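In the text below, chain A, chain B and the rest are named by the order of the sequence lines, each starting its count at 1. No experiment lies behind these values; they were computed from the predicted model shown.
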Amino acid sequence: MLQVKGVSFKGILKGISFDVRPGELVVITGPNGSGKSTLAKIIAGVEKSDAGEIIFKDEDIVKKDCTERARMGLAFSFQQPVRFKGLTVRDLLKIAASGSEAFLDNEMKEVDGYLKKVGLEPALYLDREVNASLSGGELKRIEIASVLARDAVLSIFDEPEAGIDIWSFDNLVKMFKDMRKKNPKRAIVIISHQERIMKIADRIILLENGEISAHGTPEQMMARIGGGLK
Amino acid sequence: MMDLDKIERDLMREVSGVTGIPEGAYNFRVNGKSIGRQSSEKINIVPKTEKSGIDIYIADNTHQEIVHIPVIISASGLKEAVYNDFYVGDNCEVTIVAGCGIYNCGTDDSIHDGIHVFHVGKNSKVYYIEKHCGIGPGAGKILNPTTKVDLGENSYAEMLLEQIKGVDSTRRMTEADLAKNAHLVVKERLFTHGKQSAESEIVARLNGQDSSADIVSRAVAQDFSAQNFRSHIIGAAKCRGHSECDAIIMDKARVNAEPALEALNVDAELIHEAAIGKIANEQLTKLMTLGLSRRQAEAQIINGFLK
Ligand SMILES: Nc1ncnc2c1ncn2[C@@H]1O[C@H](COP(=O)(O)OP(=O)(O)OP(=O)(O)O)[C@@H](O)[C@H]1O
Ligand SMILES: [Mg+2]
């Protein structure tokens, strides 16, 4: 579904190659500053790579901008969500959902379900502005919900656990499991430092210093990482 | 509804939400004439005799009533100054929906100067909604509203002043005097595009003890348009004043914001915030990763901002 071949960027990424197959959940992990977010942004089309190929659904997408990639079925949840003045949670989720198959097929009019999945009560949040009045964790959950609403072929989450309280962590993990179960033809990439998220992965990619230093199943990788990465 | 053509009816709906004969008191002014007027039991609308306009008398203890006074101009080249005076009694709670729409397809400027004066009695609440818009390929669509508000003790006024689109030139003047424990909220939304120009000045004089004013202006200037915003809060007693001016500038537009504060009393607490900037890149990027084009993303951000 996704093949990344020799992608480089400003000395931050040095010839990254890997692929993601339909139905897979792949976790990318690695130390702070190793280039994980940069790699995700390059795949989403937010940054442009200097070299390499990115094949998505059998097409080279390097020359496509982020709008085109989104419309092809690529979704990206930012590590640091953006705040808007005036735009409400409902507006944002509707924009996100408006291109999805669920929206077009079922003429789905409301976006409540996505908020419930990230543990937010729709009645309390739908009309709130996506601005500085939201707490960091709330904003992060809404960011995740905006990607769920896309119902995309490939969803990339950059540190979805950041800012989510430990009480809700089980739900987050369950949400990813459900997502995979529901759609065996789709794929999920999660950038994470969390062992419990790594455990549910099909494969883990370790990124260090802009290079893939190891790659394997959770069992193989846990041994190598040694019980956690910090 | 009455004898309006489609364009006039659409404008009417756009600026006042009116689609038929409303309940309660109203006055519809179309092309310089009143084409429909009704008073209610507690709200009396009387046409002025010495100049154009109406006097609106709202009796003490009037509750839950809405007054509609939309103005439509579709005759190219019409120029008018209209004087409306509102006398709001004590202990009232009323909503006043004003608004003006101009359709101009001719070669002469159409101009509406609306001068609204409010006398608000004690313990009363007034919600005032004023929307302006212009359409049509013709010459100037010019709207110059002047709004003066005299707020009595313990009264409250909330004014939503909105210029949606298509107004080529506007000079808006909003002035308020506040007595003891009176509160004023002004929300202004201004959108200019093309070669339009907009000027807005808001003055609030906090004369009475414990009075307060909250002035929030949000503006978007597109294309080659120019905007000037001035707010002036004068604290002459123990009071609170806050003004906030937030503008998005695009293309080749120009925006000037001058918030001013003047304290005449040691217990006056006055704050202003002003910010002008283009649409943040990361906001555009986020919406584009949701599948919107750059243009669509801009439109969504602007819509949200001005809502
Ligand atoms: N546009 C840029 N220009 C220059 N340097 C950049 C740019 N973007 C990121 N960097 C640098 O590239 C490196 C990788 O950043 P990136 O955000 O990809 O790291 P990360 O692996 O996601 O880290 P973290 O775990 O802290 O989120 C960092 O050293 C960062 O400072
Ligand atoms: Mg990162």
Residue pair B:Glu282 / A:Phe78, side-chain heavy-atom distance below 4.5 Å:
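No, their side chains stay 4.5 Å or more apart.
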Return yes when atom [atom1] of [X] has more than 12 non-hydrogen atoms of other residues, nucleotides or ligands closer than 6.0 Å, and no otherwise.
X        : atom1 : value
B:Lys187 : NZ    : no
A:Asp165 : CG    : yes
A:Phe18  : CZ    : yes
B:Lys195 : NZ    : no

Spacing of [atom1] belonging to [X] relative to [atom2] belonging to [Y], to within rounding of 0.5 Å:
X        : Y        : atom1 : atom2 : value
B:Lys286 : A:Ser77  : NZ    : OG    : 6.5 Å
A:Lys85  : B:Asp246 : NZ    : CG    : 3.5 Å
A:Phe84  : B:Ile279 : CZ    : CD1   : 10.0 Å
B:Thr289 : A:Arg69  : OG1   : CZ    : 12.0 Å
B:Leu290 : A:Thr67  : CG    : OG1   : 9.5 Å

Most chain B-contacting option - heavy-atom pairs closer than 4.5 Å, from A:Asp65, A:Val130, A:Leu74, A:Leu87:
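Among the listed options, the one with the most contacts to chain B is A:Leu87.
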When only pairs under 4.5 Å are counted, which of A:Gly45, A:Ala44, A:Ser146 shares the most heavy-atom pairs with chain B?
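Ranked by heavy-atom pairs under 4.5 Å with chain B, first place is A:Ser146.
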Please check: side-chain N/O of A:Arg71 versus main-chain N/O of B:Leu292, any donor-acceptor pairing under 3.5 Å?
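Checked: no pair found.
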Flag, side chain of B:Gln283 to backbone of A:Arg83, donor-acceptor distance under 3.5 Å
yes
Out of B:Ile301, B:Thr285, B:Leu287, return the one with the most heavy atom pairs under 4.5 angstrom to chain A.
B:Leu287
What part of B:Gln296 gets within 4.5 angstrom of chain A, counting heavy atoms only: side chain, backbone, both, or neither?
side chain
Is it true that B:Lys307 and A:Asp91 have a side-chain N and a carboxylate O under 4.0 angstrom from each other?
yes
